[in-house]
Amino acid sequence: MLDILDNLQERYNAKDFALCKKAYDFAKKAHENQKRASGEDYFTHPCAVAKILADLGLDASTIAAAFLHDVIEDTPVSEGDIKKEFGDEVLQLVLGVTKLDKFEFTSKEEEQAENFRKIFVAMAKDIRVIIIKLADRLHNMRSLNFLSHERQQRLARETLDVFVPLADRLGISQIKCELDDLCLKYLEPEFYEYLSTNIDVMLKETEGLIAHVQEELKRLLADSNIKGEVFGRRKHLYSIYKKMKFKNKTLDQIYDLVAVRVIVRTVDECYEILGKIHHEWKPVPGRIKDYIATPKPNMYRSLHTTVMTNFGKIFEIQIRTYEMNHAAEYGIAAHWKYKENKKDENELDSRLSWIREVMEWQGGLKDSKEFLNSLKGDIYSSEVLVFTPKGDVIRLAKDATPLDFAYNIHTAIGHRCIGAKVNGKMVPLNTVLQVGDVVEIITSQNSKGPSWDWLKIVKSPSTKVKIKQFFKKEMKDENIKTGRSMLEAEAKRRGVNLSEILTDESFLRIASKLSFTSQDEMFASVGYGAVSTNHVIVKLLDFYRKSQPVPEVSTFVNTKKSGSGGVTVKGMTGLLVRFAGCCNPVPGDDIVGFISRGRGVAVHRSDCPNLKNVENDRLIEVSWNNYASTSYNAGIKVIGNNQTEVLTIVAGAVAQLKLGIISTNGRTDSRTKQVIVEFSIRVGDKTELDDLIKKLQQDSKIINVYRTTT
C-alpha cells in the first residue's frame, strides 16, 4: 500500500502530495481492522481507487476524496470530521460518492430511472464525483471473483447497463474497455474464455505481418521527415464479441483484431501521413472515418482507415496527434486542470455540454422512466452527420428529421419551424435525413408553435422533451382543464368521484412520489401527457382504500335520516344513513351499519366481503324500518353465450315483474368466450330480487345468474 505514496509523490507537488498523504493516513486509521470479501485489508480498496485516478491525472482533491470515499459510510467518521480536516471541496466529493453508493441500480424500473436522474444531478454539480465512482466500480469489478455467482451477475449487468455507457460518453476509454471485458468475463464466461484463448493463437500467427506493417509505417514517417511513433494494440474482447454477436460473424471473419496506431505531432501531419498510407496501400471503400473534422460526442478525435496491404491482409490504421491520443485514453479526465488554464476550461466545457443539456431538459420530466428512456436514447443512439448552409457539422440521431435538426440548432428555431429545405429542395418535415445532407430551416414569427403530431415525427429523445415542455408551458391553463377532465372521466369509469378520492391528504401522499407541487401541476402534467390518468387514479384509489377500511367506491343511493324511510340505527333517529354501493343491501337482507368518519352510517349486507377486516367497534346494529314506499338498487351478474340474448331476456323479466333497470355493463371472458353482463336493478325488497334471479335461472339460454358484491 505504501507504493501508492511513492507513486503520488512522483506525480504531485509538495503541497498536493501533503493533502494526499494526510487523506491516506486518515483513511487508513479509519478502516483499521476492516476486511474485504477477499480477506485483504479493506484499505487496499481506497488505495487502488486512488491509484486508478492518479493514473488518469486527476487533481489532489480528487485523490484525497478517493482515499476517503468510504469512511462516512463504513466508519464512525462524520461529515464534520472530514470538513474540519480536509475542507469543503473534499467533503462535497466524498458526500457525492457516498450518495451514489446508496443507489440500488438494479431495483425496479421506476427506481432505477430515478437513480439515473440523481447520477446526472451529481455529475452536473461536479464531474469528479462520477469519475471517482467509475474508478471505484473498476476496482470492485477486478475483485469480483471473491463474491457469490448471484452478486457477480448482478454487479456485472449493472456495470454494463449503467457505468460502461457513462465511461464511454465521458471518453474515458481506459476505464470503459476494461469494464467491458470484465463484464463479459462474468456474464458470458464461456465466450470470454473462447475469445481469450483463440485470439492469442491468431495473433501469434499474424505477429510477423503486424510487425511488417509497423515497420512499413515507420519507413513512411521517416521518408516524410515526420517524427512520430507506431505501435499495435489488440482490440478489447468485448468489441470483438459485439461484432460476432450483432453482425453474425465468426472470429476468423474479423480482420481488425489489432489496430495499428500512428502518433504524430500535428493535425497537418495526420492528413499527410493518411495520404501516403493510401498511396502505399489501397483503402477499403466506406472504411475511412475522419473524427478530427467531426469528433465523436465524447470529443474523441482521430483518423481511421482500413487498408488492403500488398500481401493480401486487411489492417485498420488509426492516426492521431499525441494530444488526441492522450484525450482518447483519458477522456474528460485528461482535461481536469487548474481553473486559470482557460484553454483547458473551454475543452472541459465542450465535454460537459452534453451533461448540461441533459440537466436542462430533465427538469421538464416528472416521469423518471421517461427521463431514463430519453437519456438512454441520447447515450446509445447511432448518429447521422448533416450540415448547416454555412457548413457547420450537426450530429443527429439515426433517422432524424428536419425537425430534429431545427431543435438541435435552438429550441426557438424548432418552435417557429414551418418548413425545411434539404440540399436546396423543399421537403416534408418527416423526411429522414441522410449523411452529408445540407439542411435549411424555414421559420415564421407568426408560428403558433409545434404540433402534437411532431412527437410522432421526431427521433431525438431530447427533441421530444422540448416539444412537450412547450405544451406544458404555453398551454398551462388548457392543460389543467384537460387533465382535470381526464381524471374525472377515469374516476367515473372506475365508479368513484374524483372529489371523493382527491383530498388534501391523498394529494400530499402522491405528490411526494410524483414530484408535484400543486394539484394544478398534476392536472397539467396529465393534460399534456407527461403522466397517465391511470398512474394517478390508481395511486389515489390505493390511498383512499387504505384510509377507509370499507371501500365505499360506488355511488351511495337512498341517503336518508335514520328511521325516516329505510333503516333504524339502534332505535335512534336523525343520523345520516347511506346504503353501500359495494354490496347494495335491499330490505330482507341481513344488514349491519359501519360508522364512517364524518359521513354518517354506511349500511352493508352482513356478508359483504369488505367488512371482513374492519374494526368491530365501528360496526353498529341496524334494522329495516318503514321501507314499503322506497326502492333500492341491487346488483346481479348474468352469464350467457350471446349479449343480445342476455339483454333481451333480462329486460323482459324485469318488465314482467314491474322492476327497473338502472344500468348495464357487459364484457366477454377472454378464456371461456362467455358473455358476462352486470345489471343494476331497482327493486322494493329482497323477495322481488330473489324472484327475478329465479326467473332468469329457469331460462335455458342463461348459463348462470347471481347477486354481486364488489
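All values derive from a computational prediction rather than experimental measurement.
For the pair Leu8 and Ala54, the tightest heavy-atom approach, listed with the atom from each and the gap, is CD2-CB, 3.7 Å. Closest approach of Ile467 to Pro450, counting heavy atoms only: CG2-CB, 4.1 Å.
The shortest distance between side-chain heavy atoms of Thr305 and Val307 falls below 4.5 Å. Inter-residue side-chain proximity for Thr306 and Pro283 is flagged as unmet; no heavy-atom pair is nearer than 4.5 Å. Looking at heavy atoms from C-beta onward, Val49 lies in side-chain contact with Leu53 at the 4.5 angstrom threshold. Contact annotation: the side chain of Leu237 never approaches that of Phe191 to less than 4.5 Å [non-hydrogen atoms, C-beta and beyond]. Looking at heavy atoms from C-beta onward, Ile317 lies in side-chain contact with Ile319 at the 4.5 angstrom threshold. In this structure, the side chains of Leu138 and Leu182 come closer than 4.5 Å at one or more pairs of heavy atoms. Between Val262 and Phe231, every side-chain heavy-atom pair lies at or beyond the 4.5 Å cut-off. Looking only at side-chain heavy atoms (C-beta outward), Ile394 and Ile409 come within less than 4.5 Å of each other.
In this structure a side-chain-to-backbone donor-acceptor pair under 3.5 Å is present from Glu269 to Arg265. In terms of modelled atom types and a separation under 3.5 Å, the side chain of Thr443 and the main chain of Cys417 share no donor-acceptor contact. At least one donor-acceptor pair under 3.5 Å links the side chain of Thr309 to the backbone N or O of Lys313. With hydrogens and angles ignored, the 3.5 Å screen pairs a side-chain donor or acceptor of His69 with a backbone N or O of Ala66. Judged by distance alone, with hydrogens and angles left aside, the side-chain atoms of Gln318 form no donor-acceptor pair with the main-chain N or O of Val260 at under 3.5 Å. Between the side chain of Thr431 and the main chain of Pro428, a donor-acceptor pair closer than 3.5 Å is present. When atom types are taken as modelled, the side chain of Tyr407 and the backbone of Pro402 share no donor-acceptor pair closer than 3.5 angstrom. Distance alone, capped at 3.5 Å, places no donor-acceptor pair between the Thr62 side chain and the Leu58 backbone. Listed for the Gln174 side chain is no donor-acceptor partner under 3.5 Å among the backbone atoms of Glu329. Looking only at distances, no side-chain donor or acceptor of Ser224 sits under 3.5 Å from a matching main-chain atom of Ile226.
Considering OG1 of Thr159 and CG of Leu187, their distance stands at 8.5 Å, rounded to 0.5 Å. We find the CD1-CD distance between Ile52 and Glu178 to be 7.0 Å, quoted to the nearest 0.5 Å. With rounding to the nearest 0.5 angstrom, the CD1 atom of Ile442 is 12.0 Å from the CD1 atom of Ile413. For the atom pair CG of Asn145 and CG of Leu147, the computed distance is 8.0 Å after rounding to the nearest 0.5 Å. Remark: Leu160 CG to Leu155 CG distance equals 12.5 Å, nearest 0.5 Å. How far CG of Asp404 is from NZ of Lys466: 10.0 Å, rounded to the nearest 0.5 Å.
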_Residue pair Glu40, Ser38: steps toward the side-chain hydrogen bond (donor to acceptor under 3.5 Å, both in side chains) verdict_ = CA-CA 6 Å; Glu40 294 178 302; Ser38 62; 3.2 Å; yes
*Under the salt bridge (Lys or Arg N to Asp or Glu O under 4.0 Å) criterion, do Arg154 and Glu150 qualify, and how do the steps go?*
CA-CA 6 Å; Arg154 181 179 69 80; Glu150 182 181 346; over 6 Å; no
*Give the C-alpha distance, both sets of side-chain angles, the deciding distance and a yes or no for side chain to side chain contact (heavy atoms under 4.5 Å, CB included) between Val438 and Thr388.*
CA-CA 6 Å; Val438 178; Thr388 68; over 6 Å; no
*Report the C-alpha separation of Tyr300 and Arg320 in whole Å, then their side-chain angles, then the decisive distance to 0.1 Å, and conclude whether the side-chain hydrogen bond (donor to acceptor under 3.5 Å, both in side chains) test is met.*
CA-CA 10 Å; Tyr300 172 86; Arg320 61 184 67 155; 2.5 Å; yes
*asked:* Show, in sequence, the C-alpha distance, side-chain angles and deciding distance for Asp181 and His236, and conclude whether the side-chain hydrogen bond (donor to acceptor under 3.5 Å, both in side chains) test is met.
replied: CA-CA 7 Å; Asp181 286 355; His236 69 293; 4.7 Å; no
_Could you go through Asn325 and Arg301, starting from their C-alpha distance and side-chain angles, then the distance that decides it, and tell me whether this counts as side-chain hydrogen bond (donor to acceptor under 3.5 Å, both in side chains)?_
CA-CA 8 Å; Asn325 190 57; Arg301 301 173 72 209; over 6 Å; no
_Test log, rule side chain to side chain contact (heavy atoms under 4.5 Å, CB included), inputs Met308 and Phe315_ = CA-CA 7 Å; Met308 174 66 76; Phe315 281 91; over 6 Å; no
_Working for side chain to side chain contact (heavy atoms under 4.5 Å, CB included), residues Leu251 and Leu257_ = CA-CA 9 Å; Leu251 186 57; Leu257 296 177; 4.2 Å; yes
_Residues Cys270, Thr321; criterion side chain to side chain contact (heavy atoms under 4.5 Å, CB included); working and verdict_ = CA-CA 7 Å; Cys270 290; Thr321 65; 3.8 Å; yes
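A salt bridge does not link Arg219 with Glu215: every distance from a Lys NZ or Arg NE/NH1/NH2 to an Asp or Glu carboxylate oxygen is 4.0 Å or more. A salt bridge is defined here as a Lys NZ or Arg NE, NH1 or NH2 lying under 4.0 Å from an Asp or Glu carboxylate O, and Arg157 with Glu188 fails to meet this definition. Comment: Glu158 engages Arg137 in a salt bridge, judged by a side-chain N to carboxylate O separation of less than 4.0 angstrom. The pair Arg261-Glu316 does not meet the salt-bridge criterion, since no charged nitrogen lies less than 4.0 angstrom from a carboxylate oxygen. Note on Asp59 versus Arg128: salt bridge recorded, some NZ/NE/NH1/NH2 to OD/OE distance being below 4.0 Å.
Aromatic ring pairs are classed by plane angle as parallel below 30°, tilted from 30° to 60° and perpendicular above 60°; the pair His326 and Tyr330 is tilted. The aromatic rings of Tyr238 and Tyr241 sit tilted relative to each other, their planes meeting at an angle between 30° and 60°.
Residue Lys243 places its NZ atom among more than 12 non-hydrogen atoms of other residues, nucleotides or ligands, all under 6.0 Å distant. Within 6.0 Å of the NZ atom in Lys235, the count of heavy atoms belonging to other residues, nucleotides or ligands exceeds 12. Around NE2 of His212, the count of heavy atoms belonging to other residues, nucleotides or ligands within 6.0 Å exceeds 12. Surrounding CZ of Arg36 are more than 12 heavy atoms belonging to other residues, nucleotides or ligands, all under 6.0 Å away. With a 6.0 Å radius and a threshold of 12 heavy atoms from other residues, nucleotides or ligands, Asn248 has its CG atom at or below the threshold.
Listed by chain and residue number, Tyr192 satisfy the side chain to side chain contact (heavy atoms under 4.5 Å, CB included) test with Lys185 (two or more places apart in sequence, or in another chain). The side chain to side chain contact (heavy atoms under 4.5 Å, CB included) test applied to Asp437 returns Val386, Val422, Asn423, Leu433, Gln434, Val439, not counting sequence neighbours. Asp290 pairs by the side-chain hydrogen bond (donor to acceptor under 3.5 Å, both in side chains) definition with Tyr271, not counting sequence neighbours.
For the salt bridge (Lys or Arg N to Asp or Glu O under 4.0 Å) criterion with Arg11, the lone passing option out of Asp6, Asp16, Asp55 is Asp55.
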